Amino acid sequence: MDAEELRRLLEVLVSADVREFHLKTEAFDLQLLRGASGEPSAPLTSPLPPQERLPPGEPGASQEPSAQPGLVPVHAPIVGTFYTAPAPDQPPFVTVGERVKEGQVLCIIEAMKLMNEIEAEQAGVIREILAKNGDPVEFGQELFLIET
Amino acid sequence: MDAEELRRLLEVLVSADVREFHLKTEAFDLQLLRGASGEPSAPLTSPLPPQERLPPGEPGASQEPSAQPGLVPVHAPIVGTFYTAPAPDQPPFVTVGERVKEGQVLCIIEAMKLMNEIEAEQAGVIREILAKNGDPVEFGQELFLIET
Amino acid sequence: MADRALFQKILIANRGEIALRVVRAAKELGIQTLVVYSQADERSLPVLLADESVCVGPPPSSKSYLNIPNILSAALMTGAQAIHPGYGFLAENPEFAEMCRDHGLVFIGPTPESMHLLGSKAGGRKLAAECEVPTVPGTGILSGVEEALSSARQLGYPVLLKASAGGGGRGQRVVRTEQELPEALAAAQNEALLHFADPSVIMEKLIEGFRHVEVQVLGDGRGEVIHLGERDCSVQRRNQKLIEEAPSTLPESLRRELLAAGVRLAKRVQYAGAGTLEFIVDRDGHFYFMEMNTRIQVEHPVTEMISGVDLVRWQILIAAGHPLTLHQEDIHLQGHAIECRINAEDPDREFRPSPGHIDNIHFAGGPGVRVDTHAYSGYQIPPNYDSLIGKLIVHAPDRAWAIARMRRALEESVVEGVKTTIPLYLKVMDHPYYRRGAVQTDFIRAQMGL
Amino acid sequence: MADRALFQKILIANRGEIALRVVRAAKELGIQTLVVYSQADERSLPVLLADESVCVGPPPSSKSYLNIPNILSAALMTGAQAIHPGYGFLAENPEFAEMCRDHGLVFIGPTPESMHLLGSKAGGRKLAAECEVPTVPGTGILSGVEEALSSARQLGYPVLLKASAGGGGRGQRVVRTEQELPEALAAAQNEALLHFADPSVIMEKLIEGFRHVEVQVLGDGRGEVIHLGERDCSVQRRNQKLIEEAPSTLPESLRRELLAAGVRLAKRVQYAGAGTLEFIVDRDGHFYFMEMNTRIQVEHPVTEMISGVDLVRWQILIAAGHPLTLHQEDIHLQGHAIECRINAEDPDREFRPSPGHIDNIHFAGGPGVRVDTHAYSGYQIPPNYDSLIGKLIVHAPDRAWAIARMRRALEESVVEGVKTTIPLYLKVMDHPYYRRGAVQTDFIRAQMGL
């Protein structure tokens with residue numbers, strides 16, 4: 001086993017997040033231990049009693065990014081009130097399953113009495129609308145998932 | 001395996017964050033340990049600035065037990081002043097290299113103006129005397145190492 | 001006075017938060033600290049923070065914190081001049097105080113003589129009579145069933161049988177009818193013998209529904225005694241205090257009477273150092289002297305917060321022969337203070353102790369918050385001692401604000417790895433009885449169902 | 001007053017320890033808290049402890065903590081009635097205060113008008129003249145080199161050039177000879193333009209060797225103003241305060257004059273809320289008014305400790321229209337308080353910021369210790385903001401005791417994972433100059449060589 005062979009082996013182990021590895025063949029015996037202290041280190045991250053933690057359903061930039069493959073989230077670029085339609089009596093800008101073009105208006109965020117149109121940055125199909133009409137949304141909150 | 005090969009091997013191991021590595025082939029046997037003190041990282045155990053930590057030389061029950069194989073420590077059973085001899089002008093009870101019997105007096109610990117004789121619990125050969133004549137000793141402190 | 005040479009080194013014969021409290025006071029006075037400890041406490045904060053430490057025995061307290069020869073040896077061989085006993089363990093042991101004196105060591109506390117005088121319930125009762133301070137109507141040590149029966153008839157049922165030497169509720173028996181009395185007396189005597197090596201039992205009229213209120217005093221040992229107000233310690237569970245506050249919510253005139261009674265009692269014995277006179281106050285506003293604790297109390301910080309007086313510093317100063325330069329007119333009690341004892345216990349499982357590893361601990365901060373704790377992230381709570389891991393104390397201009405402050409401080413505090421009493425205290429702070437200041441010692445059981 | 005309906009909800013437009021300080025004050029008043037935050041502060045303590053939180057932008061403060069539209073939107077859409085700006089960021093921005101008013105939100109601070117009036121050095125100088133409070137001899141805004149040369153001749157060298165709109169030492173130039181002046185003026189104007197978008201520069205006589213002393217006031221906006229004593233903030237490094245204390249060690253008569261001058265100035269503008277009047281005091285005991293900070297200061301806790309007054313609570317009450325029921329005769333300053341700012345900086349490497357992961361943090365406790373920190377074990381200090389991770393404050397009956405207490409508190413405090421200023425402060429507490437109370441603003445450089 002040469003260095004190049006070992007390098008390739010390690011790449012595979014790293015990508016699989018293997019921490020301990022032991023391989024014995026006739027030619028060699030390989031043992032290795034990767035990564036920090038071995039311990040999944042995070043006992044210290046929450047200085048708060050459970051009752052103080054953010055309820056999981058609450059809107060927040062803290063939401064885990066929806067990392068489904070092929071789905072691109074649209075984030076709120078400003079803080080304000082989310083509207084799906086230009087006016088209460090009008091149809092929504094977009095609906096789930098609809099194909100949108102780059103630059104097409106997806107919603108309005110009202111901030112400081114100004115209506116800000118939020119446009120699609122990429123073309124694709126609306127797969128999910130994550131905010132409800134009239135919801136307050138914060139900076140960075142996911143509003144739509146678009147399949148590109 | 002030459003130096004250049006080893007260097008490349010190490011680069012690969014570092015980039016993969018390998019901590020312990022053991023490779024044995026017909027040609028060689030390589031073991032290595034990377035990173036911090038090798039100690040299982042305990043960032044949380046010491047709430048004290050370094051200047052507050054016990055100086056390593058200080059007598060203390062905190063001393064690591066001398067875990068040499070075949071050596072049995074004799075611990076101080078009481079707090080007091082350690083004396084190697086029955087009186088200042090007399091020879092010590094025991095010396096290094098001396099063979100002692102079970103029940104033989106090894107030293108005196110003076111506590112509350114009383115002289116307490118400390119006896120060997122096992123027969124063996126005195127390999128080390130860990131306290132000095134006149135030292136204050138605390139409960140549990142190691143006084144002698146006896147090879148049994 | 002911090003500049004005056006006092007002791008050069010003191011030995012602290014205790015553990016946990018009170019050992020740390022004494023280390024702090026000594027450091028601020030420029031006195032070297034020597035902490036003695038058991039093998040279970042080697043990694044505890046007072047041991048780590050003290051200038052020196054000496055291991056005096058294995059984990060069981062009978063072999064370490066109560067091991068008088070080892071503790072005295074440690075003091076003598078390291079040149080400590082005085083011993084602070086904290087609370088519990090040797091703090092109220094007159095023999096230990098005497099042995100300190102015999103070995104030329106200063107015991108930081110009252111004289112053995114006043115400890116003897118005040119140590120038993122019978123002794124306290126006699127002293128109270130001399131000072132015209134009311135005690136619960138009752139007897140001296142009962143000679144037998146005959147005397148017990150006639151005394152009970154005189155006092156009126158229900159009555160309470162108590163070990164004369166006891167404390168903490170052990171050896172107590174409530175007797176509601178004459179039929180129960182003979183058997184209850186025998187049982188109480190047995191229990192007293194078992195726990196306190198003394199079968200002496202006294203009888204008292206049973207007071208049902210009362211508050212526990214205590215007076216903090218400082219005496220100079222020459223007859224000068226001042227009080228630093230009273231504390232209400234009625235939030236208890238099985239005779240264990242959980243929450244204390246100062247001042248009490250008693251009417252002003254009653255407070256004044258209580259405080260004067262406390263000072264009168266302490267003066268009578270020429271008390272030296274910090275002491276506490278415990279009273280019960282019944283629903284009708286009658287108060288009765290129970291006993292004197294001749295030591296610092298767990299709950300002393302609430303008094304420190306409202307008085308601005310450092311009680312542990314004064315214990316050391318007085319023991320060193322420093323005159324009590326504080327006079328009653330210098331004491332101005334301000335605002336309201338509350339202490340919650342954070343115990344590693346599981347309130348949902350009958351307060352069973354929950355020792356173990358503290359993965360993470362984070363106490364509240366900000367204005368008016370004091371934290372006295374020996375715990376830290378990574379600390380292993382030994383199973384050998386009591387479950388107190390810290391005290392959260394708040395001070396505010398008035399009681400309502402102090403409750404609001406305690407509420408927010410409890411919300412900020414986190415202990416991960418072991419169960420604590422914090423969730424219970426959050427409920428107490430919201431409880432209308434507690435908020436009204438109308439809590440009796442049965443509150444936790446009767447009002448909170450625990 | 002805690003019972004009176006004030007605001008139902010306030011928005012806190014800040015981060016770190018001061019955001020937490022405001023959360024605490026609001027909680028104790030029973031007011032709902034909404035903290036706005038940048039993406040870098042999502043796991044910060046004020047965000048975690050607030051009732052609600054809204055992300056208002058990415059890490060750079062220009063896009064989050066200074067993002068007025070997003071902050072106002074957050075207030076409007078969540079129904080907050082008032083905004084507390086903390087210190088820094090938007091705290092002294094009169095336009096922001098005006099925009100709050102325009103949108104029906106209460107800005108917790110003075111009126112935009114008094115902020116305008118006090119915002120510039122030239123404005124402060126004019127006000128001082130009207131109130132007969134001395135300022136450092138100097139000029140108004142310089143029209144050009146001609147005026148600068150003649151003014152300098154009149155004042156006598158050395159002189160100091162300063163940006164009129166500036167702060168924090170930016171745009172300042174010391175000029176010791178006539179030859180240097182023209183070039184220095186041009187440089188100062190350029191720097192002023194660059195940092196404050198305003199090239200206006202003033203000239204002052206340079207005072208060498210002085211103390212920084214400041215007066216804390218509370219005003220009700222209707223002409224009633226009280227002071228809460230002064231603070232000495234002379235332990236600085238590059239114009240950044242490190243250690244503050246209250247009261248100062250100035251002679252009593254000088255203190256009285258200073259305090260009276262501070263109250264006079266604040267009364268003149270009918271000041272509303274908490275404010276600080278900054279003075280320098282030269283070696284001869286002359287004092288000069290520098291400027292007014294129209295906000296809460298980092299070092300406000302030392303004043304809270306000696307006065308027992310909760311300044312942030314009063315900011316909220318006054319903004320809500322509550323009368324200032326505190327009068328000057330109610331204020332009794334007691335003892336001595338010291339604050340050390342714990343910065344994540346490396347004192348051995350020119351105080352370079354040391355952001356990163358806090359593996360373990362443990363602050364001191366016990367009597368007379370207050371900790372204001374937003375840090376916790378496991379907290380990641382973002383590199384985007386200042387390096388303050390906490391404030392350690394002590395209070396004791398006198399200054400020597402306060403120093404001893406701070407010393408022991410610093411020894412107890414541990415921060416693992418990042419470098420802090422704690423080791424430096426331990427040295428300061430032992431330094432004879434500091435202990436004597438004879439520290440000027442050049443102390444850290446001149447006496448400690450840093």
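The shown structure was predicted, so the numbers you read here are calculated from the model rather than taken from an experiment.
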- Message: Is there a side-chain contact between Pro367(D) and Arg21(C) in this structure, where contact means two heavy atoms from C-beta onward sitting under 4.5 Å apart?
- Response: yes

- Task: Determine, stepwise, if the pair Asp310(C) / Arg405(D) fulfils side chain to side chain contact (heavy atoms under 4.5 Å, CB included).
- Result: CA-CA 12 Å; Asp310(C) 188 321; Arg405(D) 183 159 275 176; 3.1 Å; yes

- Ser377(C): which of Ile361(D), Asp359(D), Asn360(D) passes side chain to side chain contact (heavy atoms under 4.5 Å, CB included): Asn360(D)

- Item | Selection from Gly366(C), Gly335(C), Gly365(C), Ala404(C) maximising heavy-atom pairs under 4.5 Å formed with chain D | Gly366(C)

- Task: Taking the side chain as every heavy atom from C-beta outward, state whether His362(D) and Leu45(C) have any pair of such atoms under 4.5 Å apart.
- Result: yes

- Query: Passes side chain to side chain contact (heavy atoms under 4.5 Å, CB included), Arg24(C) versus Glu412(D)? Steps please.
  - Reply: CA-CA 10 Å; Arg24(C) 286 171 169 157; Glu412(D) 285 179 31; 2.6 Å; yes

- Chi angles and distances behind the salt bridge (charged side-chain N to carboxylate O under 4.0 Å, His left out) call for Glu28(C), Arg407(D): CA-CA 8 Å; Glu28(C) 293 179 11; Arg407(D) 220 201 165 292; over 6 Å; no

- Region of Ala375(D) in contact with chain C, defined by heavy-atom distances below 4.5 Å: backbone

- Message: Can you tell me which portion of Glu17(C) sits under 4.5 Å from chain D's heavy atoms? Options are side chain, backbone, both or neither.
- Response: neither

- Message: What part of Ala402(C) gets within 4.5 angstrom of chain D, counting heavy atoms only: side chain, backbone, both, or neither?
- Response: neither

- Message: Rounded at 0.5 Å granularity, tell me how far NE2 in His332(D) sits from CD in Gln334(C).
- Response: 8.0 Å

